[in-house]
Participant: 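One structure coming up, written as structure tokens, with questions to follow.
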Amino acid sequence: MDPLRQLVLNQHILVRLPSDNLKIVELKPNGVISLGKFGACHVNDIIGYPLGTTFEIWYEGDETEVVRGSTVVIGKVRVLENRAEAQVGSEGATPQPAELTQVESSKTNMELLDLGHKVQKLDHKEIERMKQDVTAGDSIISMMIQSHETFHKKTIHSQEKYLKRKKQKFAKFFTAEYLGSSGLLRYLIEKGDMQRIMDLSEESLGMALNLANIRSNGTYLCMDETGGLIVYAMLERMFGGHEAQHGGTIVVVHENEHPNLDLLKFSNYSEEFIGKHVKTVSLLQYFEPPTVEEVEASFTPLDDAQLREMKSNKKGAYYRRLKRYNSDLEVIRLASQITYDALIVASTLQLSTLVPRLAGKVHGSRPIVCYSQFRETLLELSHTLYDSLHFLAPTLLETRCRPYQTVRGKLHPLMTMRGGGGYLLWCHKVIPADNGAGKIDCDNAAAPACPAAQPDEAP
Amino acid sequence: MSYFTEYKDLIAEGDLVLVWISRGNVKQLRIKSGEVFNTRYGSFAHDDIVGRPYGSQIGVRTKGSNRFGFIHVLQPTPELWTLSLPHRTQIVYTPDSSYIMQRLGCSPQSRVIEAGTGSGSFSHAFARTVGQLFSYEFHHMRYEQALAEFQEHGLIADGNVTITHRDVCQKGFLIKAGDTTSYEFLEGQDSVSVNADCIFLDLPAPWEAIPHLDAVIAKDRTARLCCFSPCIEQVDKTLEALELHGWEEIETVEIQGRQYESRRQMVRQLDDALERLRDVKRRKQHGTERRKRLGEQLGSVEELTDDVRPKTPKTSYNPFGKGSRVKEGDNGFEWKQVAKVESEIKSHTSYLTFASKILFKSRDENTVSQLLEQYKDFNPNVKAASKLDKRPQETSFEESQASNSV
């Protein structure tokens, strides 16, 4: 089984609840997935099905096993054919849900009076009791429709809406999805962790990866203040969740003593694989690396013969120092001996001073992409980059996704959506000419031929 | 070797490069020694370009006016290519293509269907990222052009791009020996296993192609689809076909990309404006007093004294550089950095309709039971505790969400 295709053990997945809320679950052997009021089931029962399958939790009534520390009863699962429960209609009209075929509906809502909860004959206590009886969610909903005094006065469209709302509350099903970068981002957005991920939207993330030309076998320089979300997404474009054999390295420069790539713990990669392809250096190490002489002077690796003679009680200390020695040499290599294939920056440091310095080791013709929650910081950066001949055509971009209510005959943009999503700055590293024309006076006659230093012409 | 999928250091003879002349003017060029590239900013000998690192600025001093002109020589990327390519059809721009790739979860593990190829803009972006791309084009001449272009760019030789001449709405997506395709069949092989998990349909009638997809999508995993249609009527018909053929998670969205110009606006203070008016008034005062004096003299019997028109000096107080041509950003003035949306925007490209489908929602009971047998004695709760309480195994849902009111 393949963790990119099927639900496998020891994998993190995204669980989508009837309410469309999201939850990250680790599939531990013999473990339990507990979804609170939406029920619970055994991990082993869903292993092996394709990622993206929707399962219904159902109870025969004789279940007694409960989730540790709660009263949620663990049920059985069966595959649900269609999450939206859309039955195939004859002439393709939006199919009518089974629950509504038994009840009447009204052409208009002219007769419908807003009486609030008075129309529902079942009271709160009765409904709570039905929930305790762990019958399937569907039967609760049917009962509620039967006990609803003015249900037949609603239009069919509003009946559907009512049903959907109630299903989100009482239905017991979930969809087990692959935890890709987009899914992880949706999860963080829904959790309200917008500050942590700098208000990044899925469309801005995707565009940053494309503009930075991220792909397998590249060596990329990155600053990521989103807890590793951007690195997670870069790894997806480079390896696709597979511990592939091909190369590709991300060098993550971090502002604090230790990097924060917390979100990588949800990925399918082993720690060893991540260690090989994601290197971390602090800003200080990156800009002021030790010299080779300093490193060599402080430590000399021993050869095999010398090692054999070493007393075993000293070996521990030796290997610690050897490790330190090797990591120092690695820092020197990352900071001064590599030219990078792209620079991606998502940092709240002052960009106009940070980016030109980080870009020093970016190869000519390679893209530089900066993400910011605010347009102003990128605007300032773009002016700084315009003044340098090392950056070609800094461009300030914004991309926004507008979701639609996707129902046939009722297509329209959603009435509310999430605002924000951030901005991007995109440019390319270039190498100024030095052949006697090194000093280029852009204010003078050559101005039209000086695209790097001109305000944008309309493209 | 592809000019798109390998990072190159130096520009070599025979390379395909992109020449950045100015914004909105990016040209493709094949480097050939002895040839010259002409622009309105000067003529550039290919020999002066060969051997330099990619990204180099190449400068010339024009003979006539002795002006300095230059170009930048870049290595092609799919996004730069989109800015320079010859349009055979309307193309998919980066805000749309990047969102589609992100949402379809494109990676080196993806197997992608693209129909139709069109101008090949999106094909290049797919080819960079995905494991296999199967592109279909029904227009014969466009097929030939795209095939030649993909070959020239090294995409076919890289082995992950196949282009096929086909009307997918009529004939579906299966590729067989004898079809007009770039696919190279092995001895004895008579068809290609497409097994696509990402599908992009940029067709006038995607609903006619949707019924053919079941034959070529992956069977054991989720297949994701995106239909790209400019009209809402097309979306409606697409939704009908998707529902009819068992596609789920259907959602239509629209992407709006905006580009901003970075500009500067002069900071002009109220006090300076007042001071300037006071200055004008003061100088006006000189004239008023003189006229008053002359008026008084007119009324008197005295002869007019020699009146010398007083020389009011041209004002030295000009805080905003009025009357002179001030360049935006001039160091003699104070500026505020501002951004403005470009003057012409792409207000609508297309509606993107996403959907997904799993052909076989089943599992191999044998494999699963063998696997679970290995973990027979594994206690998930003990493990969770020892793992520094990383995440509790049985995460109960948040209190607030657990208590529901009717």
Participant: Rounded to the nearest 0.5 Å, what separates atom CG in L379(A) from atom OG in S262(B)?
Facilitator: 5.0 Å
Participant: Among V368(B), L239(B), D236(B), T77(B), who wins on heavy-atom pairs under 4.5 Å with chain A?
Facilitator: D236(B)
Participant: Please classify the contact between F360(B) and chain A as side chain, backbone, both or neither, with a heavy-atom cut-off of under 4.5 Å.
Facilitator: backbone
Participant: Regarding R258(B) and the six-membered ring of Y423(A), is the cationic atom NZ or CZ under 6.0 Å from the ring centre and inside 45° of its axis?
Facilitator: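 Cation-pi check for R258(B) and Y423(A): fails.
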Participant: Under a 4.5 Å cutoff for heavy-atom pairs, which residue among H383(A), E236(A), R402(A), E398(A) has the most contacts with chain B?
Facilitator: H383(A)
Participant: Drop me the distance from H428(A)'s NE2 to H72(B)'s NE2, to the nearest 0.5 angstrom.
Facilitator: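 So the gap between those two atoms works out to 11.5 Å.
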Participant: Looking at K8(B) and R366(A), what are the two nearest heavy atoms and their distance?
Facilitator: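 Nearest heavy atoms, K8(B) then R366(A): O-NH2, 2.8 Å.
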Participant: Tell me, do T339(A) and D9(B) make a side-chain contact under 4.5 Å, heavy atoms counted?
Facilitator: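 T339(A) does not reach D9(B) side chain to side chain.
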Participant: Please identify, among R264(B), E249(B), E254(B), the residue contributing the most non-hydrogen atom pairs under 4.5 Å to chain A.
Facilitator: E254(B)
Participant: Locate the shortest heavy-atom distance separating R215(A) from F4(B); write the atom from each residue and the value.
Facilitator: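 That would be NH2-O, 3.5 Å.
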Participant: Might you work through the side chain to side chain contact (heavy atoms under 4.5 Å, CB included) test for L392(A) and W20(B), ending with a clear yes or no?
Facilitator: CA-CA 9 Å; L392(A) 180 63; W20(B) 183 287; 3.7 Å; yes
Participant: Find the one option among I232(B), T353(B), V73(B), L74(B) whose heavy-atom pairs under 4.5 Å with chain A are most numerous.
Facilitator: L74(B)
Participant: Quick check for you: among G206(A), G48(A), P29(A), G364(A), which has the greatest number of heavy-atom pairs under 4.5 Å with chain B?
Facilitator: P29(A)
Participant: Contact part of S356(B) toward chain A, heavy-atom cut-off under 4.5 Å: side chain, backbone, both or neither?
Facilitator: neither
Participant: Between M1(A) and L371(B), which heavy-atom pair has the shortest distance, and what is it?
Facilitator: CE-CD2, 3.4 Å
Participant: Within a radius of less than 6.0 Å around NZ of K357(B), do more than 12 heavy atoms belonging to other residues, nucleotides or ligands occur?
Facilitator: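 Result for NZ/K357(B): enclosed.
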Participant: Counting only non-hydrogen atoms closer than 4.5 Å, does L83(B) touch chain A with its backbone (N, CA, C, O), its side chain (CB onward), both, or neither?
Facilitator: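 Only the side chain of L83(B) comes within 4.5 Å of chain A.
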Participant: Tell me which of these, Q256(B), Q75(B), R128(B), has more heavy-atom pairs under 4.5 Å with chain A than the rest.
Facilitator: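 Heavy-atom pair counts peak at R128(B).
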Participant: Could you give me the CA-CA distance, side-chain angles and deciding distance for E79(B) and M207(A), then say whether side chain to side chain contact (heavy atoms under 4.5 Å, CB included) is met?
Facilitator: CA-CA 10 Å; E79(B) 284 66 36; M207(A) 191 143 153; over 6 Å; no
Participant: Would you mind checking which part of Q374(B) comes under 4.5 Å of any heavy atom in chain A, side chain (CB onward), backbone (N, CA, C, O), both or neither?
Facilitator: neither
Participant: Only pairs of heavy atoms separated by less than 4.5 Å count here; which of S362(B), G257(B), A218(B) has the most with chain A?
Facilitator: S362(B)
Participant: Please check: side-chain N/O of T252(B) versus main-chain N/O of Y404(A), any donor-acceptor pairing under 3.5 Å?
Facilitator: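 It does not hold such a pair.
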Participant: Where on R400(A) is there a heavy atom nearer than 4.5 Å to chain B: the side chain, the backbone, both, or neither?
Facilitator: both
Participant: Only pairs of heavy atoms separated by less than 4.5 Å count here; which of W426(A), Y178(A), Y49(A) has the most with chain B?
Facilitator: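 The candidate making the most pairs under 4.5 Å is Y49(A).
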Participant: Which bit of Y375(B) is near chain A, if near means a heavy-atom gap under 4.5 Å: side chain, backbone, both or neither?
Facilitator: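 For Y375(B), the contact with chain A is made by backbone and side chain together.
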Participant: Would Y260(B) and R375(A) count as a side chain to side chain contact (heavy atoms under 4.5 Å, CB included) if you check the C-alpha gap in whole Å, the side-chain angles of each, and the deciding distance to 0.1 Å?
Facilitator: CA-CA 10 Å; Y260(B) 292 91; R375(A) 199 178 60 184; 3.0 Å; yes
Participant: Under a 4.5 Å heavy-atom cut-off, does chain A meet the side chain of I358(B), its backbone, both or neither?
Facilitator: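 Contact with chain A involves the side chain of I358(B) alone.
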Participant: If you compare all heavy atoms of P50(A) against all heavy atoms of D220(B), which two are closest, and at what distance to 0.1 Å?
Facilitator: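 Reported closest heavy-atom pair: CB-O, 3.7 Å.
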Participant: Report the C-alpha separation of L209(A) and M101(B) in whole Å, then their side-chain angles, then the decisive distance to 0.1 Å, and conclude whether the side chain to side chain contact (heavy atoms under 4.5 Å, CB included) test is met.
Facilitator: CA-CA 10 Å; L209(A) 295 170; M101(B) 287 180 68; over 6 Å; no
Participant: Heavy-atom distance under 4.5 Å between the side chains of E251(B) and P403(A), does that happen here?
Facilitator: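 Result yes, sub-4.5 Å side-chain heavy-atom pair found.
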Participant: Between K361(B) (side chain) and E81(A) (backbone), is there a donor-acceptor pair under 3.5 Å?
Facilitator: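 The answer is yes, because a donor-acceptor pair under 3.5 Å joins these two groups.
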Participant: Identify the heavy atoms of Y99(B) and C401(A) that sit nearest to each other, and give their distance.
Facilitator: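 Minimum heavy-atom separation between Y99(B) and C401(A): OH-SG, 3.5 Å.
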Participant: Any chance you could lay out the side chain to side chain donor-acceptor pair (under 3.5 Å) test for R363(B) and T53(A), step after step, and finish with the verdict?
Facilitator: CA-CA 11 Å; R363(B) 66 177 183 179; T53(A) 304; over 6 Å; no
Participant: Check each atom of I46(A) against the heavy atoms of chain B and say whether the ones under 4.5 Å are side chain, backbone, both or neither.
Facilitator: backbone
Participant: So, taking the atom named OH in Y351(B) and the one named OG1 in T406(A), what distance separates them when rounded to the nearest 0.5 Å?
Facilitator: 11.5 Å
Participant: Is E203(A) in contact with chain B via its backbone, its side chain, both, or neither, using a 4.5 Å heavy-atom distance?
Facilitator: both
Participant: Taking the side chain as everything from C-beta on, heavy atoms only, tell me whether N210(A) gets closer than 4.5 Å to Q102(B).
Facilitator: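 Of all side-chain heavy-atom pairs linking Q102(B) with N210(A), none is under 4.5 Å.
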Participant: Quick one: pull up OG1 in T94(B) and CG in L397(A) and give me the separation to the nearest 0.5 Å.
Facilitator: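 Answer for the OG1-CG pair, T94(B) versus L397(A), is 9.0 Å.
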Participant: With a 4.5 Å cut-off on heavy-atom pairs, point out which of L80(B), T129(B), D364(B) contacts chain A the most.
Facilitator: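 The candidate making the most pairs under 4.5 Å is L80(B).
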Participant: Give me the atom names and distance for the closest heavy-atom approach of R103(B) to E202(A).
Facilitator: CA-OE2, 3.6 Å
Participant: Name the option with the most non-hydrogen atom pairs under 4.5 Å to chain B; the candidates are D45(A), L414(A), V8(A), D2(A).
Facilitator: D45(A)
Participant: Given heavy-atom pairs under 4.5 angstrom as the criterion, report whether the side chain, backbone, both or neither of I47(A) touches chain B.
Facilitator: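 Interface part for I47(A): both.
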Participant: Whether the side chain of Q109(B) engages the backbone of F239(A) through a donor-acceptor N/O pair (distance < 3.5 Å, no angle test) should be reported.
Facilitator: yes
Participant: So how far is it from T175(A) OG1 to E248(B) CD, rounded to the nearest 0.5 Å?
Facilitator: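 So the OG1 of T175(A) and the CD of E248(B) are separated by 8.0 Å.
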Participant: At a 4.5 Å cut-off on heavy atoms, which part of I214(A) comes close to chain B: side chain, backbone, both, or neither?
Facilitator: backbone
Participant: Which region of L372(B), side chain (C-beta onward) or backbone (N, CA, C, O), has a non-hydrogen atom less than 4.5 Å from a non-hydrogen atom of chain A, or is it both or neither?
Facilitator: side chain
Participant: Looking at L9(A), T219(A), L4(A), which makes the most heavy-atom pairs under 4.5 Å with chain B?
Facilitator: L9(A)
Participant: Checking the side chain of Q57(B) only, and the main-chain atoms of P432(A) only, is there a donor and an acceptor separated by less than 3.5 Å?
Facilitator: no
Participant: Is E376(A) close to chain B through its backbone or its side chain, or both, or neither, when contacts mean heavy atoms under 4.5 Å?
Facilitator: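 It is neither, since no heavy atom gets under 4.5 Å.
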Participant: How many angstroms lie between CG in D197(B) and CZ in R5(A), if you round to the nearest 0.5 Å?
Facilitator: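 The CZ atom of R5(A) is 7.5 Å from CG of D197(B), to the nearest 0.5 Å.
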Participant: Is chain A contacted by the side chain of V338(B), its backbone, both, or neither, given a heavy-atom distance below 4.5 Å?
Facilitator: backbone
